[in-house]
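What follows is a set of notes on a single structure, which appears directly below.
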Amino acid sequence: MNLLHIDSSPLGTASVSRQLTAEIVRAWRDADPGTKVVYRDLAAAPPDHLTGELMQVVKFRNLEHLNQRQRDELALTDALVDEFLAADVVVIGAPMYNFSVPTQLKAWIDRICQAGRTFRYTETGPVGLAGGRKVIVASARGGRYAGTPMETAIDHQEAYLRAVMGFVGITDVSVIRAEGVAMGPEVRAKALEAAGRDIERLAVPVPA
Ligand SMILES: Cc1cc2nc3c(=O)[nH]c(=O)nc-3n(C[C@H](O)[C@H](O)[C@H](O)COP(=O)(O)O)c2cc1C
């Protein structure tokens with residue numbers, strides 16, 4: 001079993017989503033000690049934003065005409081896609097920032113959504129090419145969004161991640177959520193306890 005562990009919070013040891021991803025990976029390893037973990041810290045080394053130049057480099061791959069920086073960018077994009085496709089399970093630390101995900105995580109998504117590798121367009125619409133793997137989103141947010149329809153309507157973090165993963169063909173998406181972490185110590189403590197219980201209940205497929 002290959003597990004890709006991704007963190008994107010820039011808050012280091014103060015980060016809730018980092019705490020959750022670490023607990024999820026620990027639980028997974030406890031259940032399946034043979035799990036091989038690859039770690040990617042998107043806050044420590046954020047991929048650059050997409051540019052027109054980068055998109056041309058990835059599309060045409062005319063290696064002999066590329067300068068060193070362009071080669072490095074192409075190599076990084078390929079490494080991120082390879083890493084994603086090599087994983088049986090992907091654990092994504094996802095803080096909510098301004099109703100969506102941090103720019104570091106968006107930059108990773110912009111690299112791994114690659115035509116011909118993780119999706120392709122057909123005459124009947126897009127087809128995901130990355131199905132068959134599991135994604136666990138460790139969601140941390142200051143307020144609450146998993147309640148009323150009004151609240152869920154402004155969640156562009158979990159809903160967005162589900163949409164992106166669905167687009168690349170992944171339907172097995174679980175969310176471990178700590179929400180309301182900015183609503184006072186009591187609400188925060190309860191949110192972390194609930195997330196901890198959900199992690200304990202995570203179904204880890206144990207190899208035969
Ligand atoms: C720049 C920034 C933007 C934020 N935007 C939101 C938001 O839109 N909604 C919300 O509920 N919490 C928001 N928060 C609170 C975070 O979601 C919360 O602190 C969460 O724990 C962040 O994850 P982390 O602890 O892993 O960094 C924001 C925090 C920061 C620093």
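Atoms within a ligand are numbered from 1 in the order they appear, just like the ligands themselves. Keep in mind that the numbers below use all heavy atoms, side chains included, and drop hydrogens, waters and symmetry copies.
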Of all residues at least two apart in sequence or in a different chain, which pass the salt bridge (Lys or Arg N to Asp or Glu O under 4.0 Å) check with Arg69?
->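 Expected list: Glu53.
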
Report every pair formed by an N or O atom of ligand 1 and a protein N or O atom separated by less than 3.5 Å, giving atom names and the distance to 0.1 Å.
from	atom 1	to	atom 2	distance (Å)
ligand 1	5 (N)	Asn98	N	2.8
ligand 1	8 (O)	Asn98	N	3.1
ligand 1	8 (O)	Phe99	N	2.8
ligand 1	9 (N)	Tyr145	OH	2.8
ligand 1	11 (O)	Gly142	N	3.2
ligand 1	11 (O)	Gly143	N	2.7
ligand 1	11 (O)	Tyr145	OH	2.8
ligand 1	12 (N)	Gly142	N	3.1
ligand 1	14 (N)	Met96	O	3.4
ligand 1	17 (O)	Met96	O	2.7
ligand 1	17 (O)	Gly142	N	3.3
ligand 1	25 (O)	Val16	N	2.8
ligand 1	26 (O)	Ser15	OG	2.7
ligand 1	26 (O)	Val16	N	3.3
ligand 1	26 (O)	Ser17	N	2.9
ligand 1	26 (O)	Ser17	OG	2.5
ligand 1	27 (O)	Ser9	OG	2.6

Measure centre to centre between the rings of His5 and Tyr39, then say whether the value is under 6.0 Å.
->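 Ring centroids of His5 and Tyr39 are less than 6.0 Å from each other.
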
Specify whether Tyr121 and Phe167 have parallel, tilted or perpendicular ring planes, treating 30° as the upper limit for parallel and 60° as the lower limit for perpendicular.
->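 Because their plane-to-plane angle lies in the 30° to 60° range, the rings of Tyr121 and Phe167 count as tilted.
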
Does the side chain of Glu158 come under 3.5 Å of the side chain of Ser139 through a donor N or O and an acceptor N or O?
->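 Yes - a donor-acceptor pair under 3.5 Å links their side chains.
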
Kindly state each residue pair satisfying side chain to side chain donor-acceptor pair (under 3.5 Å) with at least one member in residues 185-200, sequence neighbours excluded.
->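 Found Asp198-Arg201.
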
Tyr97: what forms a ring-ring contact (aromatic ring centres under 6.0 Å, His included) with it, not counting sequence neighbours?
->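 By the ring-ring contact (aromatic ring centres under 6.0 Å, His included) rule, Tyr97 matches no residue at all.
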
